[in-house]
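Report on the structure given below.
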Amino acid sequence: MIFTYLIINYFIPSVPLSLALLFLQGCDPLAQTQRSKLQHRRARINQQINKEMRMRAGAENLFRATTNNKVRETVALELSFVNSNLQLLKEELEELNSNMEVYQTDSCCETDLSQYNVCLFLQDFICEHYGEDSSLYDKEIKELMELRQAMRTPSRNQAGLELLMEYYNQLYYLDQRFFPPHRNLGVHFHWYDSLTGVPSCQRALAFEKGSVLFNIGALYTQIGARQDRSATAGIERAIDAFQRAAGAFNYLKENFSNAPSLDMSGPSLCMLVQLMVAQVQECVFERATLMTQGTHFISQLCLAQEAARVSEVYLLVQQTMTQPLMKDYVPFSWASMVQVKSEHFCALSHYYTAVALCDHMSSVEEDEEHQQAEAEKAFFQFYVSTPAGPSLRQVLQDTEKRRKLGKAHLRRAVIRHEEAMRVHGLCKILRKMDILQDVLSLTHKRSLDKYSELDREDDFDETAEAPEIQSQTHQKPDIAPPNFSAVQVSDIFQRLGPLSVFCARARWGPVRLICLQRKESGLGLTLRGDSPVLVAGVVPGGCAAEAGLREGDYIVAVDGQDCKWAKHSEVVNMLKSCSDRGAELSVVTLHSHDTQVLNAKENTRQRLLGTAKGQSSASLLNWNRKKKREGSSVTKRLGSTFSLSFGSIREAEAMY
């Protein structure tokens with residue numbers, strides 16, 4: 001049985017530049033126009049709703065303030081007109097939000113362009129903070145903008161997910177390069193709520209990162225909903241996709257907070273996680289129905305318990321959706337669909353119970369004794385509480401008692417089916433889903449037919465109330481955070497230098513030119529480390545001291561050749577090969593408080609030998625903006641990525 005799934009049509013944060021888009025793998029730029037039109041329509045409807053809400057507030061204030069009956073009648077008429085317009089606009093918005101056609105192609109997600117030019121911000125920051133000509137980094141800026149543009153329309157497959165994760169991973173480097181921790185820059189990141197289209201804006205890169213995480217989860221839901229669940233392989237892929245979606249939303253809930261968007265609020269994310277878990281359980285039930293080929297008593301009881309579990313988790317989702325904040329946020333069609341599924345699977349659980357009792361007990365009677373014992377054990381653990389009346393053992397041994405109990409379950413199933421159909425009929429959006437209507441009608445008719453078979457003309461006893469079924473599943477959802485390390489990326493702005501020194505949180509003086517003239521006693525300096533090489537000591541009165549070189553300087557260039565990433569031996573060879581006229585060094589000196597942190601890491605470098613090169617990119621991506629009390633651990637975790645692998649002391653530090 002194929003059922004309709006709820007998918008989340010979220011939107012990628014807006015992109016600030018309109019550039020010629022490269023056809024990156026995982027991107028489908030041809031789908032942009034259709035989604036732009038959809039977003040424009042949503043924004044227009046929301047503007048009209050806000051206008052009507054302001055008019056209604058003003059009319060209500062006037063109605064309460066005036067004592068003139070004629071004015072009150074006029075205002076009441078105006079209020080009636082405004083409320084009617086509001087209802088029509090909300091229905092139009094709900095129908096637009098529930099439109100699946102635009103999302104059934106091979107791509108998803110798009111928003112409008114931002115007004116702020118992030119490209120200009122990057123250029124200004126390179127000039128002001130790094131003191132370099134920003135035009136030298138036009139290629140890197142263009143590459144970042146093209147990646148950001150491409151991830152607006154990811155294809156609905158693994159390549160699209162990898163594209164989103166690539167940009168998500170790249171945001172770590174962007175944060176370290178261009179966003180100081182104690183300085184609020186004027187870069188605005190935009191987001192459009194998935195279910196309302198209302199724009200949100202925040203001047204924090206974490207908001208951009210959270211937005212991409214949101215879309216990773218949303219893309220997983222769409223991939224899961226696209227699978228062919230008529231075969232076991234498709235169901236397995238759907239289960240995996242919905243579990244990964246739940247993991248993405250749960251990771252976002254645990255690591256980000258205070259987002260201006262309702263999409264990323266705690267209640268909304270909790271609801272989405274529960275919704276994904278419910279759809280996983282639904283897939284598990286579908287797989288069980290496919291794999292249950294025989295008419296064994298225990299297998300039918302297992303199906304009933306799986307269906308009861310699905311009904312139970314959808315009921316939890318329904319309760320979450322009816323909370324005050326979520327009630328106005330979640331579309332009526334979503335809440336209706338969840339309620340329909342809860343009722344539908346509850347009916348299925350009672351139907352399979354009746355089938356087990358009435359159709360498949362004959363095979364149990366013919367089984368061996370140990371199989372009968374297993375059937376009794378399964379049946380004794382089947383109900384939430386022991387039902388009143390005859391014992392369960394007596395029910396199993398008496399055909400008439402089994403028929404009456406099965407009839408009670410079928411009566412309960414028919415009632416639940418009818419309730420599901422009633423809720424379905426109240427929602428205009430759901431009435432348009434033909435497959436949903438067919439499934440509800442088919443299962444309802446099946447239960448009625450079965451009830452008619454068990455009903456007898458001479459059965460004058462009142463049908464008993466069916467006991468509650470104990471829900472149980474053989475596969476609980478596995479909610480795991482996204483595996484960001486699966487997509488390896490390199491720093492686009494690597495040419496700016498190693499992050500240990502050349503990052504947004506470090507402050508240094510202007511680049512100084514030092515002209516070294518070799519003497520017979522040598523250059524008079526001690527070098528240490530790699531990428532960049534550090535001046536660990538200067539001999540008083542030596543060549544380096546007279547030229548103005550100071551301890552703690554970092555060598556960034558030798559004779560105009562960039563050596564920010566140069567190894568210790570490479571810089572030494574440059575200095576040794578300098579001519580009689582000497583060498584011209586470009587050096588910088590750190591001035592910020594982070595210098596102390598870097599020096600402390602140098603003093604403990606033997607503990608950290610080799611860690612920088614062996615680190616997984618996953619350690620770079622543990623962003624945690626949620627709790628201030630966790631700030632110290634975050635600093636420690638991120639700080640560990642700035643350690644330099646100096647190698648052996650004897651090899652890395654020497655006097656020249």
Side-chain angles (χ1 to χ4, degrees), residues 122-141 173 176-178 490-519 522-539 542-592 594-595 598-599 602 612 642 644-647 651-656:
L122 296 177
Q123 293 172 343
D124 292 342
F125 197 87
I126 291 174
C127 292
E128 296 174 6
H129 186 77
Y130 293 99
E132 298 196 34
D133 184 2
S134 62
S135 62
L136 299 177
Y137 294 89
D138 286 347
K139 180 181 177 181
E140 285 83 354
I141 294 175
Y173 294 108
Q176 299 301 319
R177 294 286 189 191
F178 297 101
S490 58
D491 183 10
I492 292 179
F493 293 92
Q494 186 179 20
R495 288 200 298 129
L496 287 173
L499 275 174
S500 58
V501 177
F502 301 98
C503 59
R505 69 179 185 178
R507 300 293 299 177
W508 55 84
V511 177
R512 308 194 324 271
L513 294 178
I514 305 296
C515 295
L516 285 180
Q517 189 72 36
R518 179 182 293 274
K519 295 183 180 180
L523 295 175
L525 56 86
T526 302
L527 301 181
R528 178 187 299 164
D530 297 320
S531 306
V533 174
L534 173 71
V535 178
V538 177
V539 177
C543 172
E546 292 178 357
L549 201 63
R550 297 192 293 265
E551 180 180 349
D553 286 344
Y554 286 94
I555 301 176
V556 297
V558 177
D559 288 335
Q561 182 177 351
D562 189 279
C563 59
K564 295 172 186 173
W565 288 96
K567 298 295 183 181
H568 182 94
S569 59
E570 294 173 352
V571 175
V572 171
N573 290 335
M574 291 181 188
L575 295 177
K576 287 183 177 180
S577 63
C578 63
S579 59
D580 295 337
R581 62 178 177 81
E584 185 179 73
L585 304 184
S586 298
V587 298
V588 294
T589 304
L590 289 180
H591 293 320
S592 69
D594 292 316
T595 306
L598 295 171
N599 289 338
E602 270 187 47
F642 298 141
L644 296 178
S645 178
F646 291 110
E651 295 175 354
E653 181 176 333
M655 178 176 288
Y656 303 96

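All values below were derived from every heavy atom in this structure, side-chain atoms included, with hydrogens, water molecules and symmetry-related copies excluded.
- Using modelled atom types, one finds a donor on one side chain and an acceptor on the other under 3.5 Å when comparing R507 with H129.
- You'll find the side chain of S586 reaches within 4.5 Å of the side chain of L513, heavy atoms only.
- When all heavy atoms of G524 and A544 are compared, the pair lying nearest together is O-CB, 3.6 Å.
- Listed here is the closest heavy atom pair of V539 and A545: O-CB, 3.5 Å.
- The side-chain heavy atoms of L527 and V535, taken from C-beta on, include a pair separated by under 4.5 Å.
- With rounding to the nearest 0.5 Å, the separation of OG1 in T589 from CD in E551 is 11.0 Å.
- Here NZ of K567 is found 14.0 Å from CG of N573. Values are rounded to the nearest 0.5 Å.
- Here R495 does not pair with D562 in a salt bridge; the nearest charged N to carboxylate O distance is not below 4.0 Å.
- Separating the CD1 atom in I492 from the OH atom in Y173 is a distance of 10.5 Å, to the nearest 0.5 Å.
- Rounded to the nearest 0.5 Å, atoms OH (Y137) and CZ (F493) are 9.5 Å apart.
- The shortest non-hydrogen separation linking S500 to S531 is OG-O, 4.2 Å.
- Looking at heavy atoms from C-beta onward, F178 lies in side-chain contact with L496 at the 4.5 angstrom threshold.
- Among residues two or more places apart in sequence or in another chain, the side-chain hydrogen bond (donor to acceptor under 3.5 Å, both in side chains) test is passed with D133 by S135.
- Looking at heavy atoms from C-beta onward, D559 lies out of side-chain contact with M574 at the 4.5 angstrom threshold.
- The minimum heavy-atom distance linking L549 with L525 is given by the pair CD2-CD2, 3.6 Å.
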*CA sep, side-chain torsions, deciding dist, call: E570, Q561, side chain to side chain contact (heavy atoms under 4.5 Å, CB included)*: CA-CA 11 Å; E570 294 173 352; Q561 182 177 351; over 6 Å; no
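- Contact of the I555 side chain with the I514 side chain is not registered, since no non-hydrogen atoms from C-beta on lie closer than 4.5 Å.
- Within the 4.5 Å cutoff, the side chain of R512 has heavy atoms near those of the D553 side chain.
- The side-chain heavy atoms of R177 and L122, taken from C-beta on, include no pair separated by under 4.5 Å.
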*Could you go step by step and tell me if L575 and L585 meet the side chain to side chain contact (heavy atoms under 4.5 Å, CB included) rule?*
CA-CA 9 Å; L575 295 177; L585 304 184; 3.6 Å; yes
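- In this structure, the side chains of F502 and Y130 come closer than 4.5 Å at one or more pairs of heavy atoms.
- The line from NE2 of H568 to CZ of R528 is 10.5 Å long, rounded to the nearest 0.5 Å.
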